[in-house]
Amino acid sequence: MRYSKMLLPTLKEDPAEAEVISHKLMLRSGMIRKLAKGIYSCLPLAQRVFNKVQQIIREEMERAGAQEVTLPGVQPSDIWKESGRWEMYGKELLRFKDRNNRDFCLGPTHEEVVTDLIRREIRSYRQLPLNLFQIQTKFRDEIRPRFGLMRCREFVMKDAYSFDVDEDAAQESYNRMFDAYIRIFERCGLDFRAVEADTGTIGGSFSHEFMVLADSGEDAIVSCDSCNYAANIEKAEVKPPDTDIDNETLSRMKEARKVLTPGKKTVEEVTDFLKIKPDRLVKTLIYETDKEAVAVLVRGDHEVNEIKLRNLIDCNDLSLAGDDLIIKTTHAPVGFSGPIGLDIRIITDNAVSQMCDFVTGGNEKDTHLINVNLGDFKVDRYADLRVITNEDPCPRCGGKLSFKRGIEVGHVFKLGKKYSEALGATYLNARGREESIIMGCYGIGVGRTIAAAIEQNHDSNGIIFPTSIAPFQVMVLPINMDKSEVRDKSEALYISLKDEGYDVLIDDRDESPGVKFKDADLIGIPIRLTLSKKTSKDDMVELKVRRTQEVIMVKKDDLLDEIQKYLQYS
RNA sequence: CGGGACAUGGCUCAGCCUGGUAGAGCACUGCGUUCGGGACGCAGGGGUCGGGGGUUCAAAUCCCCCUGUCCCGACCA
């Protein structure tokens, strides 16, 4: 490709709209341009990177036995009503009507469509297992799109769906996809972790997320230093306390007593006022669901994990109660809620079971209770309800946990029969009995993978693409273009490298050397070959490695070997 | 949806407080010089100051409404 002919509009300055590094660099390097919030055009440079990543994905999907299809992006409401997600999915699902006033949506994911296809085509266990994948544009009307391609509304996703006869076979499909994902992200040159994750609105029983490690990541993850446990913090289990309160402690428990705490509402205010540590206090949080109000008790220095809570109490909507509901249920203003005397369900975090003589709200303005004990109120249920902290041990082996931030680039789910039962996707087994198909689904955000790669591979001058996904492998950069020998040698080199099968960009623009060098660094091509009147005198080429800044002078004859060598480790 | 900020030429921004001829740098066009890390000179083109309403002799500037964008939060694969 010739730079002079390519739509490659680089920017000198950071655009005002971008916050994170990958977003800034993708705009500056002329990869993307915004059309509307969370909706981007992908320019030629980015398209080449998309093609590279998609090619890696295709190769690994096919290696794992998946077949490529293309499913419709516009989907009728019927199948979404069958799965129950027309009601569940909420505003993220972009809905509209056709000319006949029928309801449609833009596909945010394709479980319904693919299950509909399969229920019509699969009859026998002999046709299974099956795995279908596609690479396609999805639309999710995100509440808050941000960070460029990191969280878009319209985005390119690889999604795959597996269909198996039983749990064991489904586990095998899951494992095969898991391994394929490892290979894909390794081939893309990413530093990542596979972590246990919550299944969210996709549903199903079990899932792993693939997290690219980056401080700008929106997710927090924990991983064990001793064993292979790793999880999204939303999912990370807290090891349950293994001791009961002993009798001696029980015998020392005191009688609950009111104390006045005028205007002291927050944990910090109350514990400062009473001169105790936050772990001597029990927070009472009132949550509101579509069905009921519940009280949730956690230790003062712990945070409620709303995902765990949501999974535990099985409801559609869950949120902290508003002031009105708190006054109605506790008969006190916000800040003085306590468990004693409440007539709603009380769900308590496991850690509270270890506490005695603690402080709670008094359900009365400006009042707290001290020396409260578990016998003083009824607990409907104990459960793991809190966010894991860096004081908690690994839930598997008891080892030390590390906390990191990550960008979710892939997610694999075991769906079980959730969609096959809802939509009636069945097969006949060897004994002629009808069974529901066991499904799995597997997603990769292609654009997000690219953004994540840039988050991990850049310096102050611009992007440093991993060779496997770089838009070009080699850039030929002639300066002193007024000298015909430089021009001719550059052209010849460009042609010969293309003939060797390399992706080559030649900067044939009539620009000053500084401009060319800056742009070359910005767009991050792994290898830059500079030709000038200096180099052409003794028939050498200057090779610069983008990642290491290393510069070497190479003889023409050795050039291919040197390029090969450097491409391998960048 | 709640809180905050912003909207002036393609980009980055000044001008607004204190109303009175729309500016700078970069980019773009032409000519010339220059050519190893975002060159220089000369000459040009391009903006109904996000939209609507109001106040005023006069609004980019003051007031109201709307829209869009960004950040934080809630929410979310």
Side-chain angles (χ1 to χ4, degrees), chain A residues 9-20 23-24 27-28 30 33-39 85 88-93 107-111 138-148 150-153 155 157-159 197-204 207-211 218-219 232 234-235 287-288 306-307 310 316-320 322 407-413 441-448 460-462 477-483 486-487 507 509-522 528-536 542 544 549 551 553:
Chain A
T10 57
L11 305 173
K12 255 185 213 179
E13 286 163 294
D14 284 338
E17 69 188 53
E19 189 73 14
V20 299
H23 190 196
K24 285 180 184 170
L27 287 165
R28 282 193 55 204
R33 289 293 184 261
K34 186 176 69 184
L35 178 64
K37 193 205 287 249
I39 300 180
R85 287 206 293 185
M88 285 287 294
Y89 219 101
K91 283 195 190 168
E92 217 176 303
L93 187 63
T109 176
H110 281 66
E111 284 79 15
K138 303 276 189 266
F139 193 93
R140 297 181 187 178
D141 201 354
E142 289 282 345
I143 295 171
R144 186 146 97 85
R146 59 190 136 167
F147 304 153
M150 208 97 104
R151 181 174 293 271
C152 294
R153 293 194 292 169
F155 60 101
M157 182 175 180
K158 187 284 303 180
D159 47 326
D198 184 69
T199 53
T201 48
I202 299 286
S207 81
H208 281 95
E209 288 168 334
F210 289 78
M211 293 284 189
E218 294 184 272
D219 292 285
N232 191 309
E234 296 173 352
K235 171 79 175 179
Y287 277 88
E288 186 176 359
E306 289 189 5
I307 306 241
R310 189 180 297 260
N316 289 341
D317 289 317
L318 176 91
S319 59
L320 273 171
I407 301 163
E408 179 195 345
V409 291
H411 203 158
V412 293
F413 298 81
C441 73
Y442 315 91
I444 292 178
V446 180
R448 193 184 279 184
S460 57
N461 294 318
L477 196 154
I479 50 183
N480 313 120
M481 289 242 299
D482 52 325
K483 302 281 180 290
V486 173
R487 233 176 25 232
D507 192 347
R509 296 175 300 168
D510 183 21
E511 288 286 355
S512 70
V515 170
K516 291 185 171 190
F517 291 144
K518 290 286 184 191
D519 277 337
D521 285 346
L522 181 59
R528 184 183 94 194
L529 303 174
T530 308
L531 288 87
S532 66
K533 60 186 178 200
K534 266 196 321 207
T535 63
S536 71
E542 176 191 292
K544 180 165 183 183
Q549 313 268 30
V551 179
M553 299 301 293

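Naming convention: chains lettered A, B, ... in sequence-line order (proteins, then strands); numbering from 1 in each chain.
Electrostatic pairing of K534(A) and E542(A) does not count as a salt bridge here, judged by no charged N lying under 4.0 Å from a carboxylate O. The pair R153(A)-D141(A) meets the salt-bridge criterion, with a side-chain N (NZ, NE, NH1 or NH2) lying under 4.0 Å from an Asp/Glu carboxylate O.
Tested against N232(A), the residues E408(A), E209(A), H208(A) include a single side chain to side chain donor-acceptor pair (under 3.5 Å) partner, E209(A).
Looking at the side chain of E13(A), the nearest of the listed nucleotides rG36(B), rC71(B), rC11(B) is rC11(B). Taking only side-chain atoms of E306(A), from C-beta outward, the nucleotide of rU12(B), rG36(B), rC75(B) with the closest atom is rC75(B). The listed nucleotides are rC13(B), rC72(B), rC1(B); the one nearest the side chain of R144(A) is rC72(B). Side-chain atoms of I479(A) lie closest to rG36(B) of the nucleotides rG36(B), rC71(B), rU69(B).
For R509(A), the salt bridge (charged side-chain N to carboxylate O under 4.0 Å, His left out) partners two or more places apart in sequence, or in a different chain, are D507(A), D519(A). Checked against ring-ring contact (aromatic ring centres under 6.0 Å, His included), H411(A) has the following partners two or more places apart in sequence or in another chain: F413(A).
The base of rC71(B) does not come close enough to the side chain of R146(A) for any donor and acceptor atom to sit less than 3.5 Å apart.
Rounded to an integer number of Å, the gap from N480(A) CG to rU33(B) C1' is 16 Å. Atom-to-atom, CG of L27(A) to C1' of rU69(B) comes out at 13 Å; the value is rounded to the nearest Å. Atom CZ of R153(A) is separated from atom P of rC76(B) by 18 Å (rounded to the nearest Å).
Map K533(A) and P145(A) each onto its nearest nucleotide of RNA chain B; the residue landing nearer the 5' end is K533(A).
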Nucleic acid footprint by protein, nucleotides 37-47 of chain B - heavy-atom cut-off 4.0 Å, B for base, S for sugar-phosphate alone: BBS--------
